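All values reported here derive from a predicted model rather than from experimental measurement. Side chains included, hydrogens not; waters and symmetry mates left out as well; all remaining heavy atoms used.
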Amino acid sequence: MVLRRAAAGDCPKKVAALVDLVNLPTVLREFAGGQSQMSHLSFFLRVWSHIKSNNLQDPTNRNIVNCDDKLKTVLLGRSKVELSELPLLVKMHFPKVPKS
């Protein structure tokens, strides 16, 4: 059996949902440096950049992020988050794209 990864052309709606600009809520605007619109993917990359630049990963367990006050506003007030939970917590702030 051969498994192949779906190419971007195979699911354009899913890709569009990640790269389309959406209006950010006030809480996310403050985190994004005042930008009013940003794509889901760009915002997630900004969160990851904030984690790396402020050295927020736990030194003993790199799968845990110790949230600072700025990051807590985005991650629902949680003080520690697993890396596997990050995409879901960021996704909760973005509206679901209606199926057409």
Is there a side-chain contact between F31 and L24 in this structure, where contact means two heavy atoms from C-beta onward sitting under 4.5 Å apart? no
Hey, what do you get for CG (N66) to CD1 (I64), rounding to the nearest 0.5 Å? 8.0 Å
Transitively linked via ILVMFWY side-chain contacts under 4.5 Å: M92 with V27? no
Side chain proximity check, V22 to H40, heavy atoms < 4.5 angstrom: no
side-chain hydrogen bond (donor to acceptor under 3.5 Å, both in side chains) involving T60 - partner list, sequence neighbours excluded: D58
Can you list every ring pair (Phe, Tyr, Trp, His ring centres under 6.0 Å) pair that touches residues 59-84, not counting sequence neighbours? none
What distance do S53 atom OG and W48 atom CH2 have between them, rounded to the nearest 0.5 Å? 11.0 Å
Pairs under 3.5 angstrom only: tabulate donor-acceptor contacts from the side chains of residues 68-75 to other protein residues two or more places apart or in another chain.
from	atom 1	to	atom 2	distance (Å)
D68	OD1	H50	NE2	3.3
D68	OD1	L71	N	2.9
D68	OD2	H50	NE2	3.0
T73	OG1	K70	O	2.6

Quick one: do L41 and L88 end up in the same hydrophobic cluster if we chain Ile, Leu, Val, Met, Phe, Trp and Tyr together by side-chain heavy atoms under 4.5 Å apart? no
What pairs of residues pass the ring pair (Phe, Tyr, Trp, His ring centres under 6.0 Å) test when at least one of them lies in residues 60-85, not counting sequence neighbours? none
I'd like to know if the side chain of N61 reaches the main chain of N63, judged simply by a donor and an acceptor atom lying under 3.5 Å from each other, with no hydrogens or angles considered. yes
I want to check something: taking the side chain as every heavy atom from C-beta on, are M38 and R29 in contact at a cut-off of under 4.5 Å? no
Contacts of N23 meeting side-chain hydrogen bond (donor to acceptor under 3.5 Å, both in side chains) (sequence neighbours excluded), chain-then-number -> Q37
Do H93 and L76 have side chains that get closer than 4.5 Å, going by heavy atoms? yes
Please collect all side-chain hydrogen bond (donor to acceptor under 3.5 Å, both in side chains) contacts where either partner lies in residues 74-88, sequence neighbours excluded, each pair once. R78-E85
Check S39 against L21 and note the closest heavy-atom contact, atom names and distance. N-CD2, 3.7 Å
